[in-house]
Amino acid sequence: MIAKGARRLESEAAMQALGRELAAAAPPGLNVLLIGDLGAGKTTLARGWAQGLGVGQAIPSPTFAICNVYRSPKGELHHYDLYRLEHEEELREIGLLESLDGSCQCLVEWPELAAELFRGEVLVIRLEHDGEARKVEWEMKTLA
Amino acid sequence: MKILAIESSCDDTAAAVIDAEQVLANVVSSQPVHEIWGGVVPELASREHMKTIQPVVGLALKKAGLDLREIEGIAATRGPGLAGSLLVGFHFAKALALALDKPFLGINHMEGHVYAPFISGQLPPLPMLVLIVSGGHTQLIRVAQEGRYELLGQTLDDAAGEAFDKVAKLLGLGYPGGPAISREAASGDPAAFAFPRGLKGREGLDFSYSGLKTAVLHTLRALSEEQRRTRRADLCASFEEAVVDPLVGQSLRAIDLHGIRSLVLAGGVAANQRLRQRLLQANQGAGWQLVLPELAHCTDNAVMIARAAHGRLLRGERSGWDLEATPRFSLMELSESNP
């Protein structure tokens with residue numbers, strides 16, 4: 001299911017369930033781009049993803065901390081939010097390059113600023129408001 | 001004991017000198033550059049810290065009328081915070097202590113917030129409940145014994161301060177979002193819009209603000225350009241009430257459930273007038289003591305770091321020279337490392 005798909009989700013619970021589902025199918029070391037507006041459900045999906053990997057603790061928004069790291073039975077998960085960053089050079093300072101090297105799974109919210117840094121197989125997830133519901137589309141892509 | 005403390009966990013570079021209960025100097029260099037960016041930008045922050053740390057510490061010593069050699073202990077924020085920012089203040093302080101051969105102590109920033117209101121370093125009756133509300137945290141913490149922290153509840157998604165900042169951005173108001181929204185809210189009707197209250201009706205003492213942010217977004221989309229302007233005060237007041245309601249409600253629940261004798265409000269959002277007012281109301285005739293920090297002590301400052309360090313330094317606690325700053329550093333870990 002992970003290669004490509006689309007779904008319309010009516011609730012936060014459904015968004016988390018999709019996160020768990022995708023996590024279960026994701027290969028180790030996968031980098032994931034979460035693209036969508038404020039309130040589109042990026043963090044909610046990421047929360048489901050972390051739960052899917054077996055992370056037991058709370059999974060808060062990474063907006064303030066920029067990156068939260070979780071240990072799971074399936075390896076480390078790095079959860080980034082680049083919302084507050086403005087300059088590309090900041091990406092190096094926060095250690096994003098090291099997180100993207102395949103040593104851990106890496107979920108990146110607001111990844112636009114880092115577009116150039118993603119290489120190889122990535123999962124691109126787009127989230128959109130659709131009235132009260134959300135539309136989610138995902139696709140595995142290979143970036144040169 | 002004369003203590004020099006340095007705080008640089010986010011966007012303010014701060015230094016303070018205290019002598020026991022007396023504050024000799026309190027210098028905070030806010031970084032207005034962030035007002036342009038609509039949020040704290042980490043890279044800018046660490047660069048600014050490097051530029052300002054030396055003048056800020058120098059000014060604090062000058063105001064205190066002390067020479068570095070007269071300082072008897074040096075403390076610095078060890079975490080939590082932004083890695084690049086923390087490193088600057090923490091290592092500056094450590095190097096200073098090493099060079100001058102003074103006792104050094106790394107302090108948890110949140111413990112600083114806990115001690116901020118207590119000039120004497122003397123805590124109110126225990127068990128005490130601390131409601132920490134800031135840009136990165138929304139937590140209820142129980143303190144039954146000094147230096148030991150028990151997490152009762154926390155946000156499951158966005159922090160309350162983050163909700164203020166993001167909703168301010170949606171509304172086209174400035175940064176930081178809290179003061180901007182509160183100013184508008186003062187002339188608005190808190191019941192004008194029915195925004196959701198996080199985890200209302202659920203068990204436990206946690207918080208949730210992500211749904212509130214989304215509800216504001218949907219409400220805005222349904223309004224015309226003109227309505228967004230004319231109803232801005234009502235939007236702000238209703239949003240603020242939806243943030244404050246669960247903070248007060250969960251605190252009161254925690255007080256009932258955990259035999260609490262005092263409630264301390266801490267963190268940047270502690271400056272919020274509506275929250276203070278609602279807690280004062282709830283405290284009327286109640287059997288617990290309410291401690292609200294002075295407005296000047298709500299934002300990040302180094303006096304609170306000095307106060308948190310004071311008791312520990314007096315007890316002979318020291319940090320090793322190999323201690324590192326830790327961006328993720330909860331108060332609960334602090335209890336584990338000090339059994």
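Labels below follow one simple rule: chain letters A, B, ... track the order of the sequence lines, proteins then strands, and each chain is numbered from 1.
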Side chain / backbone / both / neither for Ile59(A) at chain B, heavy atoms under 4.5 Å: backbone
Any donor-acceptor N or O pair under 3.5 Å, side chains Thr43(A), Glu109(A): yes
Ion pair check, Glu111(B) and Arg78(B), cut-off under 4.0 Å: no
Portion of Lys166(B) that has a non-hydrogen atom of chain A nearer than 4.5 angstrom: both
Asp37(A) versus chain B, the contacting section by heavy-atom distance below 4.5 Å: side chain
Lys/Arg cation over aromatic Phe64(A): Arg84(A), 6.0 Å, 45° cone: yes
Contact leader toward chain A among Gln154(B), Lys213(B), Glu162(B), where contacts are heavy-atom pairs under 4.5 Å: Glu162(B)
Salt bridge present between Glu137(A) and Arg126(A) (N-O < 4.0 angstrom): no
